[in-house]
Asker: 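What follows is a single structure, and I will ask about it in a moment.
Order of the sequence lines fixes the chain letters, A, B, ..., with proteins taken first and strands second; residue numbering starts at 1 for each chain.
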Amino acid sequence: MPELPEVETVKNTLIKDVLGKRITGFSLLYKRIMQTELGLEETVNKTIIDIKRHGKFLIINLEDNVNMVLHLRMEGKIFYFKEEIKELPKSTSFVLNLDQGYLYFFDTRKFAVCYVFKGDDYFSLPPLSLVGPDPFLAKKEDIYNSYKKDKRPVKEILMDQHIMSGIGNIYADEILFSCALSPFILGTNLEEKDVENIILSAQKILRKSIELGGSTVKSYQSSANHSGSFQDELKVYGRAGEKCFNCSSLIEKRSLSGRGTSFCPKCQKHGNVIALTGSIGSGKSSVAQIFVNHGYLLYDCDKKVKEFYQDKKFISEIEKKFKDVFKGGFNKDVLLSKMTSSPSFRRKYENYIFHYIKEDINSYLIENYSKNIIVEVPRFFDANLKLMIPRYILVRADKKIRYNRLIKRGQKNIDEMLKLEKDLDKKKIEQAFFIIDNDGDKINLENKVKEIISYIEEEKK
DNA sequence: AAGACGTCCTGCGTGC
DNA sequence: TGCACGCAGGACGTCT
């Protein structure tokens with residue numbers, strides 16, 4: 001994704017390639033890219049006299065005060081070729097024919113936008129008038145004044161182009177790692193020195209990235225002939241589940257306002273988050289209780305799901321989502337029979353519930369990011385929580401012991417429930433943070449869990 | 001008013 | 001092997 005360093009790289013490449021060249025014609029293949037009444041025809045027969053960057057915007061100054069303003073968004077790329085491409089790729093948004101060569105604008109997802117202005121007041125008109133200074137131009141006092149009254153999490157503010165521009169998802173994660181701040185800390189809770197740190201870290205990281213020609217991540221590349229190499233410098237972005245280079249903690253990932261957010265829980269001052277999983281009747285709750293006694297907050301998925309089923313909004317969402325099944329309104333018996341008779345329904349339904357609970361865990365963890373939390377989640381693997389909570393404790397118990405526990409609990413349909421369980425594969429067992437074999441001895445269990453808790457405390461130092 | 005959600009779009013990963 | 005599905009993601013618009 002082009003952020004400030006990538007746009008800067010594009011700018012530098014274009015200055016080398018096309019400055020002084022004249023636009024002789026154009027073809028517009030994706031019309032919706034144009035955001036202004038004025039179109040590319042205004043650029044014909046004009047020479048490119050300068051190329052600038054403002055935040056993540058690229059500005060192409062032409063003769064006679066014609067100015068193009070481009071935003072590459074996710075995947076916009078501008079490549080200069082001396083020769084014409086015979087078969088244009090599907091992703092081509094437009095082509096500018098030059099007196100020598102061609103400028104191709106590619107954009108697979110078609111999110112990029114283009115503005116054409118006549119006159120020199122384009123800086124005082126949207127979109128540029130709404131863009132804040134980039135970290136190299138920002139004044140510490142101004143930025144601190146904005147941050148301290150902003151109730152959003154710092155990462156959101158950092159990506160808000162109106163306040164400070166140029167930083168997107170990748171660099172936001174990297175900058176916050178670099179200044180050891182949680183992405184979830186609220187702007188109102190930041191001190192002046194934190195904001196100063198953010199600006200300095202931003203400058204340092206962006207400068208380094210510009211030196212390396214930006215990042216070449218997934219499909220993004222700044223120019224046809226060169227790829228940047230800053231992706232090799234990334235410390236947290238795209239590293240969820242891997243070890244922090246600094247402290248060896250596992251990098252965690254959450255979703256913050258729809259953006260994947262990776263961070264090191266130790267370096268960025270988070271509480272411990274541990275998932276607790278294992279088959280039914282293995283004694284997860286007893287383990288969880290011991291964590292609670294040691295000051296951990298408990299997120300209990302089974303309890304949460306029960307609460308969801310009491311919630312009218314949740315039920316009406318389910319009725320809407322699966323309206324062919326719940327024609328006469330939501331009904332547990334209908335649900336059960338459909339679940340057993342249709343595997344595809346079961347899959348879809350469970351995925352929906354997993355998704356729902358995952359979102360809920362996500363917001364709980366963000367809200368309580370500085371606290372220690374134990375998340376009791378029987379279907380940890382099915383719910384795909386491994387990147388959100390890389391550390392999980394596996395509780396196991398002999399089948400006989402579990403059977404007896406379930407009878408004691410008054411559980412119905414025990415045989416069916418046990419039959420539905422899948423065996424854990426080797427990898428899942430190997431990757432467990434700890435395995436607790438719970439044979440029913442309370443003292444043993446208590447000691448084992450205490451051991452784990454003090455291990456976690458020790459690790460955190 | 002601020003926050004949640006929808007919109008644009010396509011390649012790709014997942015899971016059967 | 002292929003198909004269907006759903007997600008990611010920057011910025012802005014809309015709704016509450």
Side-chain angles (χ1 to χ4, degrees), chain A residues 1-4 6-7 29-36 54-58 69-77 89-93 105-115 125-132 134 146 149-153 155-173 184 186-188 215 217-221 237-238 240-241 253-262 313 317 320-322 342-356 358-360 362-363 366-367 379 381-388 422 425:
Chain A
M1 295 137 252
E3 301 180 32
L4 188 151
E6 291 74 27
V7 180
L29 290 98
Y30 183 67
K31 294 201 171 68
R32 296 185 63 171
I33 194 173
M34 294 309 304
Q35 304 291 307
T36 42
H54 186 54
K56 301 185 210 172
F57 284 91
L58 191 72
V69 174
L70 295 161
H71 197 300
L72 307 175
R73 293 284 174 91
M74 305 296 300
E75 304 209 29
K77 297 178 240 325
K90 220 177 111 190
S91 62
T92 316
S93 291
F105 194 107
F106 302 124
D107 180 21
T108 26
R109 292 195 197 168
K110 307 282 192 289
F111 276 13
V113 284
C114 174
Y115 306 75
L125 297 167
L128 295 188
S129 62
L130 303 170
V131 176
D134 70 32
S146 302
K149 55 186 177 218
D150 199 322
K151 289 178 193 145
R152 292 175 297 171
K155 185 183 170 188
E156 267 184 56
I157 311 175
L158 196 47
M159 293 202 303
D160 186 332
Q161 305 300 306
H162 307 101
I163 296 169
M164 199 158 64
S165 65
I167 297 160
N169 204 35
I170 300 178
Y171 293 96
D173 281 0
F184 311 122
L186 305 184
T188 45
S215 305
V217 179
K218 283 187 186 160
S219 56
Y220 191 73
Q221 194 172 330
Y237 180 85
K253 186 178 179 187
R254 316 243 189 284
S255 168
L256 184 66
S257 56
R259 309 277 171 268
T261 297
S262 304
K313 227 178 102 192
E317 260 173 63
K320 219 194 293 171
K321 176 103 186 162
F322 303 98
S342 162
S344 82
F345 170 77
R346 185 181 169 191
R347 203 184 79 221
K348 265 191 199 163
Y349 188 82
E350 285 193 338
N351 276 346
Y352 181 75
I353 304 290
F354 288 152
H355 194 87
Y356 204 90
K358 194 174 169 181
E359 294 257 294
D360 197 66
N362 185 69
S363 15
I366 289 177
E367 220 169 285
R379 299 183 66 182
F381 301 105
D382 297 320
N384 208 4
L385 286 163
K386 272 185 81 173
L387 296 181
M388 190 143 63
K422 299 172 225 164
D425 55 61

Asker: Using only side-chain N and O atoms of A:K56, determine if any of them is under 4.0 Å from OP1 or OP2 of C:dA11.
Answerer: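 Answer is yes, contact under 4.0 Å.
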
Asker: Return no unless some side-chain N or O of A:Q161 is found under 4.0 Å from OP1 or OP2 of C:dA11.
Answerer: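 It does, given that an N or O in the side chain of A:Q161 lies less than 4.0 Å from OP1 or OP2 of C:dA11.
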
Asker: Taking atom C1' of B:dT10 as reference, at what distance in whole Å does atom CZ of A:R32 sit?
Answerer: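 These atoms are roughly 14 Å apart.
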
Asker: In this structure, how many angstroms lie between the P atom of C:dG9 and the NZ atom of A:K110, rounded?
Answerer: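 Checked: the NZ to P distance equals 20 Å.
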
Asker: Looking at OH of A:Y237 and CG of A:D173, how far apart are the two atoms once the value is rounded to the nearest 0.5 Å?
Answerer: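 Taking OH in A:Y237 and CG in A:D173, the distance rounds to 8.0 Å.
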
Asker: Are the aromatic rings of A:F105 and A:Y30 close, with centres under 6.0 Å apart?
Answerer: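 Not close enough - the centres of the two rings lie 6.0 Å or further apart.
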
Asker: Please state whether the base of B:dG15 and the side chain of A:R347 form at least one donor-acceptor pair under 3.5 Å?
Answerer: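 Answer is no: no donor-acceptor pair is held.
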
Asker: Whether A:Y30 contacts B:dC9 is assessed here as follows: a side-chain N or O lying under 4.0 Å from the phosphate OP1 or OP2. Is that the case?
Answerer: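 So the side chain of A:Y30 is within the cut-off, an N or O lying under 4.0 Å from OP1 or OP2 of B:dC9.
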
Asker: I'd like to check, for A:F111, whether its ring lies over the base of C:dA11 with centroids under 5.5 Å apart and a plane angle smaller than 30°.
Answerer: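 So A:F111 does not count as stacking on the base.
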
Asker: So, does the side chain of A:R259 form a donor-acceptor pair with the base of C:dG10 at under 3.5 Å?
Answerer: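 Yes.
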
Asker: Please report the distance, rounded to the nearest Å, between CD1 in A:I157 and P in B:dA2.
Answerer: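 Nearest whole value for this atom pair: 12 Å.
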
Asker: Which residue lies toward the 5' end of DNA chain B, A:K90 or A:N351, if each is placed at its nearest nucleotide?
Answerer: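 It is A:K90 whose nearest nucleotide is closer to the 5' end.
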
Asker: In whole angstrom, give the distance that lies between atom CD of A:E350 and atom P of B:dG15.
Answerer: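 Result: 13 Å.
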
Asker: Looking at every strand, decide which applies to A:N169 at a 4.0 Å heavy-atom threshold: base, sugar-phosphate, or nothing.
Answerer: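 It contacts sugar-phosphate atoms only.
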
Asker: At under 4.0 Å, does any side-chain N or O of A:H162 touch on OP1 or OP2 of C:dA11?
Answerer: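 Indeed not, no polar side-chain atom of A:H162 lies that close.
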
Asker: I want to confirm an ordering. Mapping A:R73 and A:E156 to their closest nucleotides on DNA chain B, which one lands closer to the 5' end?
Answerer: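 This one resolves to A:E156.
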
Asker: On DNA chain C, compare the nucleotides closest to A:R109 and A:L130; which residue's is nearer the 5' end?
Answerer: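 Closest to the 5' end, via its nearest nucleotide, is A:R109.
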
Asker: Can you check the A:I163 CD1 to B:dA2 C1' distance for me, whole Å?
Answerer: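 After rounding, the reported distance stands at 13 Å.
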
Asker: Roughly how many Å is it from CE in A:M34 to P in B:dC8, rounded to a whole number?
Answerer: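 Roughly 20 Å, once rounded to whole Å.
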
Asker: On the nucleotide C:dC12, are OP1 or OP2 found under 4.0 Å from the side-chain N or O atoms that A:H71 carries?
Answerer: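 For A:H71, the contact criterion (side-chain N or O under 4.0 Å from OP1 or OP2 of C:dC12) is not met.
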
Asker: Would A:I163 and A:D150 satisfy side chain to side chain contact (heavy atoms under 4.5 Å, CB included), going step by step from the backbone distance to the final call?
Answerer: CA-CA 11 Å; A:I163 296 169; A:D150 199 322; 3.8 Å; yes

Asker: Taking for each residue the nucleotide of DNA chain C bearing the nearest heavy atom, is the 5' side occupied by A:K348 or by A:G168?
Answerer: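 Its nucleotide being nearer the 5' end, the pick is A:K348.
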
Asker: When the ring planes of A:F57 and A:H71 are compared, do they come out parallel, tilted or perpendicular, using 30° and 60° as the limits?
Answerer: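 Judged by the thresholds at 30° and 60°, the geometry between A:F57 and A:H71 is perpendicular.
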
Asker: Rounded to the nearest 0.5 Å, how far does OG of A:S255 lie from CD of A:E359?
Answerer: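 Between A:E359 CD and A:S255 OG, I get 6.5 Å after rounding to 0.5 Å.
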
Asker: Please report the distance, rounded to the nearest Å, between NZ in A:K149 and P in B:dA1.
Answerer: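 Going from NZ in A:K149 over to P in B:dA1 covers 15 Å.
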
Asker: From CG of A:L186 over to C1' of B:dA2, roughly how many Å is that when rounded to an integer?
Answerer: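 Answer to the nearest Å: 14 Å.
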
Asker: As an exercise, state the distance from CG of A:L4 to CE of A:M164, rounded to the nearest 0.5 Å.
Answerer: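 It comes to 10.5 Å.
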
